[in-house]
Structures are given as structure tokens and as C-alpha cells.
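Take a look at the structure below.
So you know, we letter chains A, B, ... as the sequences are listed, proteins then strands, and number each from 1.
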Amino acid sequence: PLEEQGHDEL
Amino acid sequence: MNFFRLLGDLSHLASIFILLHKIQTTRSCRGISFKTQALYVAVFVTRYLDLFFRYVSLYNSVMKLFFIASSCYILYLMKYKYRPTHDPSIDTFRIEYLLGPCFVLSLIFNYKFSFSEILWSFSIFLEAVAILPQLFMLQRTGEAETITTHYLAALGVYRALYIPNWIYRYFTEGLVDPIAVTAGIVQTGLYLDFFYVYFTKVLQGQKFELPA
């Protein structure tokens, strides 16, 4: 899920 | 990183420089909503908490720090240096109506029920509507300085460019971020009226004026 891969956008 | 996202980020950077340029050269923050600017500080501070515990890239960290610092600096300019040029009587949008629902939404829609993820969601929802006090003010005064409209256009283009970025990422990386996409579409949608007047008037060399 997104939380694990982190938020890489601004 | 892809072309659309980079262009979007650069457009966001440009919007901030245009706003600073407007304030410094006219020595005035007339026509700029303090409330919208304050909401952007809240957006950046709540979203970029991950500066402390997650490293993405140098680009990412530098941009985050820049957005936090510049938005605080703009608030300082409006609150202290050019305070007499700010007219709170036309900046009357009730931001409680934005903060409350965004907070509730972030409790419902988030990728993990944790402090930082809820704040991240909150910042995404809040950013989508943070421009409303500014647009409301524009509606009330019915006109704007050209430089102010360039600022708003650059800000609108920034999130608009994130839409092709998400489409691109879906096809190349299989990545979908439903929270950011939904909020981003709403955010861009709020600019449609503004864009219409901007493209049909300001870019044709006319003053930004709303029909009476």
C-alpha cells in the first residue's frame, strides 16, 4: 500500500 | 519523477515567486487573502512532517523546506511588514467550514490510522479547498491586479499538471493514490471559472474583471 512505499509527491 | 510532475512543481515554485514579487514591488498585499495563505502554511506543515522520518530525495526535501519557509515568510510579510495594506473586512470566508470537514474526512479516508498519515490526508484535503477564501475575495471585489491573476494561474496549473502525472504513473508504475487524485481533481475544478476569465481576458491583455 501507499503508506509503506511513502508519499513521494509534493 | 516525470515531465508532468516536474513541470507542476516548477509551476508551484513560480507561483510563490510571482506572489513574493507582487508583494515586494507593489509594497502591498492588497488583493491577497491572508486566510488562504495561512491555510497553505497549515497544509505544508502537516504534510511535510515526514521530513523528520522519511527521506525520499534531495529534490523532495529541498522543495518541502522551501514551501514551508516561503509560506511562513509570506504570512510574516502580510501580518507585519505590509499589515496596513491588508484589508480583513473583505477576507471574510469562514475557514472553520473548511478545517472541520477536512479533518473529519481525513479520519475516514487515510492509508493508515496513524498520526502522520491522518495529518497527511488532512493536508491533501485542505490543500484542495485552501484557495476558496482567495477566490471568494476575488468574487467580492470583482477585479484583480494582473500580477495576482498570474499567481493564481500558476498555482492552478500546478495541480492541473499533477493529473497527467497521475495518469502517467498509473500506466508506467501501476501506482494509484486515490486520496490525492480525488482531492487533486476537486482542487483543479475549483479553478475552472477563474481559468476561463484568465484565458479569455487577462491573456488577451485585458484587466481581470468579473461581470457585474
Tell me, for B:Asn165 versus chain A, whether the close heavy atoms (under 4.5 Å) come from the side chain, the backbone, both or neither.
-> side chain
Just wondering, more than 12 heavy atoms not from B:Tyr55 lying within 6.0 Å of its OH?
-> yes
For B:Tyr158, is it the side chain, the backbone, both or neither that has a heavy atom under 4.5 Å from a heavy atom of chain A?
-> side chain
Which value, rounded to the nearest 0.5 Å, describes the distance between B:Glu173 atom CD and A:Asp8 atom CG?
-> 7.0 Å
Heavy-atom distance under 4.5 Å to chain A: side chain of B:Phe53, backbone, both or neither?
-> neither
Would you find more than 12 non-hydrogen atoms of other residues, nucleotides or ligands less than 6.0 Å from B:Tyr170 atom OH?
-> no
Taking all non-hydrogen atoms of both residues, which atom of B:Asn60 and which atom of A:Leu10 are closest, and how far apart?
-> O-CD2, 3.9 Å
For the student: nearest non-hydrogen atoms of B:Arg54 and A:His7, plus distance = NH1-N, 3.8 Å
Are more than 12 heavy atoms from other residues, nucleotides or ligands located less than 6.0 Å from atom CG of B:Asn2?
-> yes
Got a sec: does the OH of B:Tyr168 have more than 12 other heavy atoms crowding it under 6.0 Å?
-> no
B:Tyr82 OH: over 12 foreign heavy atoms closer than 6.0 Å = yes
